Amino acid sequence: MQTLLLKADNPADVETAARILRGGGLVGMPTETVYGLAANALDAEAVAKIFVAKGRPQDNPLIVHISQWEQIFPLVRRVPESAKKLAGAYWPGPMTMVLEKSGRIPDVTSAGLPTVGIRFPSHPAARALISAAGVPVAAPSANISGFPSTTTAEHVMRDMGGKIDAVLDGGPCGVGVESTIVTLASDPPRLLRPGGVTLEQLRAVLGRVDVDGAVMNPLPKGARPLSPGMKYKHYSPKANVIILNGSERAYLDYVNAHREPGVAALCYRGEEKALRVPAVCYGAETDCREQARELFEALRRLDDIGAKTVYARCPEPRGVGLAVYNRLMRAAGFEVVSVG
Ligand code: AMP
Ligand code: MG
């Protein structure tokens, strides 16, 4: 299959992408979080193709994207007050709400769960594409399952070229990590995945929000997580990532003492000057939003330069730092070394 490269700033290209979706095809879609691999959420056959293209396990549900608030009503059994409040505060934006699904959502989309994740993205190209398609759009991240998510059209082409109908190029993603997922199907609400809308922001609207154990910790063997995606090795480059926990000085000393072929650093901007191994920076130490935006690109670059072992800096799990921490910990398979 030849994958068309379309431009989000060209209305005729957006219409072409919409036609592909209506016809049951797959489109790489820019959003403010990461690129999504989009299909008509109500078309079971089209959705099944997403799982094949990504190599995604069948039990990992997809998020359904809408382009207007009213589109939520036929998709869920009920819209609770809490959902209205959250939507009022953070939609359109990088937040997914899990609610009890209606009969309109095919089982393949929700991976057999009685619930469905709904998101109203803010990216103008995503909104234009979903509106033009005229259907809600199921879209997981547009990467090969298990690898870092894609934040540019070029990354999507590299992972998905030849396997999907088109990629709509809307430029690099602004948030850079996947959406915050909060389930309103449990009481109290529970954070399943941290993202660009922070836990603190959710609590400001909802009051109590619990944090699912899978956000901070590896899953015990055989456990069934609330968010099935948490079960899998995730966001991983080919290199073995190890997080070094400690001061900047201790980090730099440790990495320079472990200078060997294949060793590389994933560091904050400016630290590369003091490192004697190949280094990829992912933002300033004090700016977690910048770290989130650059993390996946940085992980991909480490593979491009042939890194085998990557020593990484990791932020404190607060604010958007919680999302960066969660992705990096999974990329590292929770391997952390204390360096003082
Ligand atoms: P991705 O689109 O690649 O970011 O993956 C979607 C994530 O959303 C996965 O981690 C899923 O487990 C999670 N998810 C989607 N729908 C639900 C749901 N109904 N309940 C819990 N988690 C969900
Ligand atoms: Mg994903």
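Remember, it's 1-based here, ligands and their atoms both numbered in the order they're listed. Here, residue 1 is the first one in the sequence, and each next residue gets the next number. As the structure is a prediction and not an experimental result, all values here were calculated from the model.
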Novice: Side chain, backbone, both or neither: which part of T183 has a heavy atom under 4.0 Å from ligand 1?
Specialist: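 Near ligand 1, T183 shows nothing, with every heavy atom at 4.0 Å or more.
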Novice: In the protein, what heavy atom is nearest to atom 21 (C) of ligand 1, and what distance, to one decimal place, separates them?
Specialist: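 The closest heavy atom on the protein side is L226 O, 3.3 Å.
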Novice: Starting at CZ of R259, measure out to CG of L275 and round the result to the nearest 0.5 Å.
Specialist: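 So the gap between those two atoms works out to 11.0 Å.
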Novice: How many angstroms lie between CD in E290 and CZ in R269, if you round to the nearest 0.5 Å?
Specialist: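 It comes to 4.0 Å.
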Novice: Just jot down the ligand 1 atoms closer than 4.0 angstrom to any heavy atom of T115, in number order.
Specialist: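 Answer, ordered by atom number: 18 (C), 19 (N), 20 (N).
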Novice: Taking backbone and side chain together, does S149 place any N/O/S atom at a distance below 2.8 Å from the Mg ion (ligand 2)?
Specialist: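 S149 does not place any N, O or S atom closer than 2.8 Å to the Mg ion (ligand 2).
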Novice: Closer than 4.0 angstrom: is that true for some heavy atom of R56 and an atom of ligand 1?
Specialist: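 Distance cut 4.0 Å: R56 passes for ligand 1.
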Novice: Would you indicate which of T33, V98, V64 comes nearest to atom 20 (N) of ligand 1 when only heavy atoms are counted?
Specialist: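 Heavy atom nearest to atom 20 (N) of ligand 1 belongs to V98.
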Novice: Using a 4.0 Å heavy-atom cut-off, which part of V34 comes near ligand 1: side chain, backbone, both, or neither?
Specialist: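 Contact part for V34 vs ligand 1: neither.
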Novice: Given M97, R193, H65, K101, which has its nearest heavy atom closest to atom 4 (O) of ligand 1?
Specialist: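 Checking each option, the heavy atom nearest atom 4 (O) of ligand 1 is found in R193.
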Novice: Under 4.0 Å from a heavy atom of V116: which atoms of ligand 1 are those, numbered in the order shown and with their elements?
Specialist: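 Heavy-atom distances to V116 below 4.0 Å select 19 (N).
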Novice: For atom 11 (C) of ligand 1, grab the closest protein heavy atom and report residue, atom and distance to one decimal in Å.
Specialist: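 Looking at atom 11 (C) of ligand 1, the protein heavy atom closest to it is N60 OD1, 3.3 Å.
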Novice: Examine the proximity of ligand 1 to T96 and report which part, side chain or backbone, both or neither, has a heavy atom under 4.0 Å away.
Specialist: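 It is neither; nothing of T96 touches ligand 1.
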Novice: Which of the atoms in ligand 1, numbered in the order shown and given with their element, are less than 4.0 Å from a heavy-atom of S141?
Specialist: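 Listed by number with element: 1 (P), 2 (O), 3 (O).
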Novice: Identify the protein heavy atom lying closest to atom 13 (C) of ligand 1, giving its residue, its atom name and the separation to 0.1 Å.
Specialist: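 Nearest protein contact, heavy atoms only, for atom 13 (C) of ligand 1 is S227 OG, 3.4 Å.
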Novice: Do T151 and E297 meet the criterion of a side-chain donor-acceptor pair at a distance under 3.5 Å?
Specialist: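 There is no such pair between these side chains.
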Novice: Please list the nearest protein heavy atom to atom 2 (O) of ligand 1 with its residue and the distance rounded to 0.1 Å.
Specialist: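 Here the closest protein heavy atom is P140 CA, 2.9 Å.
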Novice: Can you check which of I181, L113, D59 brings a heavy atom nearest to atom 18 (C) of ligand 1?
Specialist: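 Selected option, by shortest heavy-atom distance: L113.
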Novice: Is the closest side-chain donor-acceptor distance between S179 and T96 under 3.5 Å?
Specialist: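 Yes, because at least one side-chain N or O of S179 sits under 3.5 Å from a partner of the opposite role on T96.
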Novice: Using a distance-only test with no angle check, is there a side-chain donor-acceptor pair under 3.5 angstrom linking R119 and T31?
Specialist: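 Present: a donor and an acceptor within the cut-off.
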Novice: Would you say A139 contacts ligand 1, with heavy atoms under 4.0 Å as the rule?
Specialist: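 For ligand 1, residue contact (heavy atoms, under 4.0 Å) with A139 is present.
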Novice: Check A87 against W69 and note the closest heavy-atom contact, atom names and distance.
Specialist: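 Closest heavy-atom pair between A87 and W69: CB-CZ3, 3.5 Å.
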Novice: Looking only at atom types and distance, does a side-chain atom of T183 sit under 3.5 Å from a main-chain N or O of A185, one as donor and one as acceptor?
Specialist: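 Yes: the side chain of T183 pairs with the backbone of A185.
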Novice: Tell me the closest heavy-atom pair linking M29 and A139, and the distance in Å.
Specialist: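 It is CE-CB, 4.1 Å.
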Novice: Check whether D210 reaches the backbone of R190 with its side chain - one donor and one acceptor, N or O, closer than 3.5 Å.
Specialist: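 Answer holds: no.
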Novice: Out of curiosity, H123 NE2 to Y35 OH, how far, rounded to the nearest 0.5 Å?
Specialist: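 H123 NE2 to Y35 OH: 6.0 Å, rounded to 0.5 Å.
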Novice: List the closest protein heavy-atom neighbour of atom 14 (N) of ligand 1: residue, atom name, distance to the nearest 0.1 Å.
Specialist: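 The closest one turns out to be P61 CG, 3.7 Å.
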Novice: Considering only the protein, which heavy-atom contact is closest to atom 10 (O) of ligand 1, and what is its distance?
Specialist: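 Nearest protein contact, heavy atoms only, for atom 10 (O) of ligand 1 is G229 CA, 3.3 Å.
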Novice: Going hydrophobic residue to hydrophobic residue with side-chain gaps under 4.5 angstrom, can you get from L86 over to V64?
Specialist: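 Same cluster.
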Novice: Please confirm whether E178 comes within less than 3.5 Å of ligand 1 when only nitrogen or oxygen atoms on both sides are compared.
Specialist: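 It does not: no N or O of E178 is found under 3.5 Å from an N or O of ligand 1.
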Novice: Once rounded to the nearest 0.5 Å, what's the spacing between atom CZ of R56 and atom CD1 of I144?
Specialist: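 So the gap between those two atoms works out to 14.0 Å.
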